[in-house]
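Since the structure is predicted, the reported quantities are computational estimates derived from the model, not experimental observations. Quick note: residue numbers are just sequence positions, from 1.
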Amino acid sequence: MTPRRILARYPCAVLMVVQLASILVYPFLDNRSLGRTLFSVVSVAAVALAVYAVRATPALTWVSLTLGAPLLVLTAVEAVHPVPWAVLASAVVHALFYGYTCYAMIRYMFADDHATVDEVWATGAAFTVLAWAFTYAYSAVQIVWPGSFTAGVDPEQPRSWMELLFLSVTTLTSTGLSDIVPLRAHARSVVMLEQIAGMLYLALVVARIGALLARRQRPPGGPSVS
């Protein structure tokens, strides 16, 4: 199977693989001008894949394009000239875009009564996309309210994108390592929202799997399970 066919058939799988790979690549690029630029290119590629994944779902295409087009421009501006307004605007649009993509993938998973291979991958991709959305939300929070987050190393400095992604993933998975801590009220509010979102997402996935298993176990022509 060619890469083009793989992308066309499993867009959610490709998106998840790209995001997981970027987690491994980013530590080699962080805190370097060239590294940040290269990572911006990776982010643009991930955004393009996310747009493709949303387009392949029943979600409205125009919403993803409306958010995706300015996002690409802001990503380029942020990489070339990272002034505060550009970083803030990029973070807000990224958060909205990835949040919408997560919604679209959840809608994709619940669109029918059977699970395709790509819908199974969408379960994981929606989770990573949600973690990305809150990471960018944290980035916006610490720009608007400096000192929102602290850590054991350089506690007075703004947290890097990788640190905020680490906070997002540990919060969403309820790991709670607490080495990066929200200090201000607005930051704690967003963290609490992510904690609730993580629990709700787990409940949705469990409900989806339970419904599919009940449907498979139901005898043909038998009564429905109440």
Next item on the list: Could you note down all residue pairs passing side chain to side chain donor-acceptor pair (under 3.5 Å) where residues 137-153 supplies at least one of them, sequence neighbours left out?
Entry: Y138-E194
Working to the nearest 0.5 angstrom, can you tell me the gap between [X] [atom1] and [Y] [atom2]?
| X | Y | atom1 | atom2 | result |
| --- | --- | --- | --- | --- |
| L67 | H94 | CG | NE2 | 11.0 Å |
| M162 | T135 | CE | OG1 | 9.5 Å |
| L74 | L88 | CG | CG | 10.0 Å |
| M16 | Y10 | CE | OH | 15.5 Å |
| L204 | I106 | CG | CD1 | 6.0 Å |

Check: When you measure from the side chain of T101 to the backbone N and O of F97, does any donor-acceptor pair fall under 3.5 Å?
Finding: yes
Checklist line | S90 side chain vs A86 backbone, donor-acceptor pair below 3.5 Å | finding: no
Next item on the list: Dump the intermediate steps for side-chain contact (heavy atoms from CB on, under 4.5 Å) on L165 and W132, then the final yes or no.
Entry: CA-CA 7 Å; L165 178 62; W132 253 246; 3.9 Å; yes
With a 4.5 Å cut-off on side-chain heavy atoms, are [Y] and [X] touching?
| X | Y | result |
| --- | --- | --- |
| R159 | L167 | no |
| R184 | V141 | no |
| F166 | I180 | yes |
| T123 | M105 | no |

Next item on the list: Indicate the ring-plane relationship of Y98 and Y136, choosing parallel, tilted or perpendicular according to the 30° and 60° boundaries.
Entry: parallel
Check: Taking the six-membered ring for Trp, are F127 and Y201 parallel (under 30°), tilted (30 to 60°) or perpendicular (over 60°)?
Finding: tilted
Checklist line | Partners passing side-chain hydrogen bond (donor to acceptor under 3.5 Å, both in side chains) against T128 (at least two apart in sequence or in another chain) | finding: Q19
Item checked: Residues in side-chain hydrogen bond (donor to acceptor under 3.5 Å, both in side chains) contact with T173, at least two apart in sequence or another chain -> T175
